Amino acid sequence: MHICVLGQGYVGLPLAVRAAEVGHTVTGYEPDRARCETLAAGSSYVEDIGDDRLRAVLGSDTYYATSDPQDLKGFDVAVITVPTPLTDRAPDLSCVRDAGRVLAEWIEPGATVVLESTTHPGTTRDVLIPLLEEGSGLVAGRDFHVGFSPERIDPGNADWRLENTPKIVAGLTEGCLERVKAFYDTVTDITVPASGLEEAELAKVFENTYRHVNIALVNELSRMAHTLGVDVWHTLELAATKPFGFTKFLPGPGVGGHCLPIDPVYLSHHVKARHGQTFRLIELAQDINESQPDYVVRRLQDALSRRFRRSVHGARVLALGATYKPGTSDARQSPAVEVIDRLRRMGADVTVVDPYLGEADGSCREVPFGPTTVTTATATATATATVSDFDAVVLLTPHGEFDLVRLAAEASYVLDTRGVMAAEPHIERL
């Protein structure tokens, strides 16, 4: 089939490459021309897709990246994988609307359109379908097929990839569901049919709301445990020995990535805007997790004052990790970035080391969150200093490249926000 994937980012590019690998002819539509040029040159900016995989589908002429809407003509299946960010703390569906308008002109009878972008229940039916019908002059469910299939991409996860992660599929009608399922059966091992569009949309935002709420719970538990003088990390290990009725979540500096800080807000905002009701647990979890970077800074401030009789202002701080989780270069909504920014605003001299944000050859470069140079040199040293030169180290993202044994031996003080180091007199765990 001729498959069009609108949006060539963390979600769209893996889907496009996988579809090309199984034999479809794939058009990757990306409005950013610079991105298209990068892809056409065989260079992938999405870490889950290596250059070798990209070059293979380019070489077989089964994949083509373009910013020209005319290349969408004649598609059998079009999948929308564009961002759905928050703007002024409210859901922003502008990219979905833009994609729908662009796509509508090229819909032919019998074609299938699927939305993968995360959103609130009702978006496919109430927002996307009217745009498709208006622009095409066709009727959804009768002349063409429409569905929703929530993305479940976990950047950097080598165990659960697009092809082996169960894929929820939904359709406007039974006929639509059959077409949507038939396509995803070719690119994924397991498809899970949903009874309706809204149920599939709600399942996606609830999956991440579940994680968001439980992370907020253990983040608040860690604060209370610290006040009580109790080791929260050991407490969680003990609780995790229960073989039923308990799922282990861990504290940290906050939540980040393209899902957790955003998806629950879509659900709570929609319920309030449409029905005037407050999803209290989501809003409370949001308050806790958003305040976690401030809590990390306060803990570091207290430690500097208590141990060295000095303030954060003027202190030399080594921040290890800036991405939102280990093993990935994804720094979207990263709480580590929030901690670094807050320390800088308080006058700290912060040096950041993150092997996933440096150039491949190990040289330094500027990173988006401020005037910080990052190096991929030794795991616990910058290009110009050693660990012992810093007043404090804050471990924010525990990449596997970091030498934690050396860090424990050389650092004057470490605040471990992820609980990966053994507690010692000069090492505190959050």
Side-chain angles (χ1 to χ4, degrees), residues 3-24 26-30 32 34-60 62-65 79-85 114 116-118 149-168 183-184 186-191 204 207-208 211 255-263 321-334 354-360 367-368 376 397-401:
I3 309 299
C4 292
V5 181
L6 285 76
Q8 294 296 277
Y10 280 86
V11 176
L13 185 60
L15 175 62
V17 169
R18 173 64 176 167
E21 289 173 338
V22 300
H24 299 298
V26 182
T27 299
Y29 177 74
E30 174 55 60
D32 187 331
R35 277 190 163 192
C36 288
E37 292 172 359
T38 298
L39 293 172
S43 178
S44 172
Y45 45 76
V46 174
E47 62 193 343
D48 289 342
I49 299 297
D51 291 348
D52 54 342
R53 289 184 66 187
L54 177 60
R55 290 169 183 165
V57 295
L58 286 169
S60 63
T62 53
Y63 172 75
Y64 172 67
V79 184
I80 298 173
T81 63
V82 297
T84 49
V114 184
E116 279 208 11
S117 304
T118 302
S149 181
E151 61 89 3
R152 281 175 165 171
I153 296 294
D154 186 16
N157 191 330
D159 295 324
W160 292 105
R161 306 172 306 282
L162 170 65
E163 57 267 30
N164 68 346
T165 300
K167 197 81 167 74
I168 295 173
F183 164 64
Y184 283 105
T186 67
V187 295
T188 61
D189 298 339
I190 300 172
T191 52
K204 169 58 180 178
E207 289 171 11
N208 290 322
R211 292 170 58 208
V255 295
H258 66 302
C259 290
L260 289 195
I262 296 174
D263 295 358
T323 60
Y324 87 93
K325 70 171 188 174
T328 177
S329 62
D330 193 348
R332 289 176 294 174
Q333 313 293 325
S334 174
D354 192 310
Y356 289 84
L357 292 179
E359 297 288 353
V367 293
T376 59
T397 310
H399 293 302
E401 289 80 358

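Everything numeric here is computed off the predicted structure, so don't read it as measured data.
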Would you find a donor on one side and an acceptor on the other, under 3.5 Å apart, between the side chain of [X] and the backbone of [Y]?
| X | Y | result |
| --- | --- | --- |
| Thr38 | Ala34 | yes |
| Thr81 | Gly7 | yes |
| Asn164 | Thr188 | no |
| Thr27 | Cys4 | no |
| Asp354 | Ala322 | yes |
| Thr328 | Asp330 | yes |

A cation-pi test, strictly: NZ or CZ of Arg53 under 6.0 Å from the centre of the six-membered ring of Tyr63 and no more than 45 degrees from its axis. Yes or no? no
State, to 0.1 Å, how close [X] and [Y] come at their nearest heavy-atom pair, and which atoms those are.
| X | Y | value |
| --- | --- | --- |
| Gly327 | Glu47 | O-OE1, 4.2 Å |
| Lys167 | Ser149 | NZ-OG, 2.6 Å |
| Thr165 | Arg161 | OG1-O, 2.7 Å |
| Thr84 | Ser117 | CG2-CB, 3.8 Å |

Contact between [X] and [Y] at the side-chain level, heavy atoms closer than 4.5 Å - yes or no?
| X | Y | result |
| --- | --- | --- |
| Phe183 | Val79 | yes |
| Val114 | Tyr184 | yes |
| Ser334 | Thr323 | no |
| Val11 | Leu15 | no |

Return yes if a side-chain donor-acceptor contact under 3.5 Å exists between Thr62 and His24, otherwise no. no
Does Glu116 pair with Arg152 as a salt bridge, N-O distance under 4.0 Å?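 Here Glu116 does not pair with Arg152 in a salt bridge, since their nearest N and O are not under 4.0 Å apart.
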Charged N to carboxylate O below 4.0 Å: is that the case for Lys325 and Asp154?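 Looking at Lys325 and Asp154, the cut-off is met.
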For side-chain hydrogen bond (donor to acceptor under 3.5 Å, both in side chains), just list the numbers for Tyr45 and Gln8, CA-CA rounded to whole Å, side-chain angles, deciding distance to a tenth of an Å, and then say yes or no. CA-CA 10 Å; Tyr45 45 76; Gln8 294 296 277; over 6 Å; no
For Arg18, salt bridge (Lys or Arg N to Asp or Glu O under 4.0 Å) partners two or more places apart: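 For Arg18 there are no salt bridge (Lys or Arg N to Asp or Glu O under 4.0 Å) partners, ignoring immediate neighbours.
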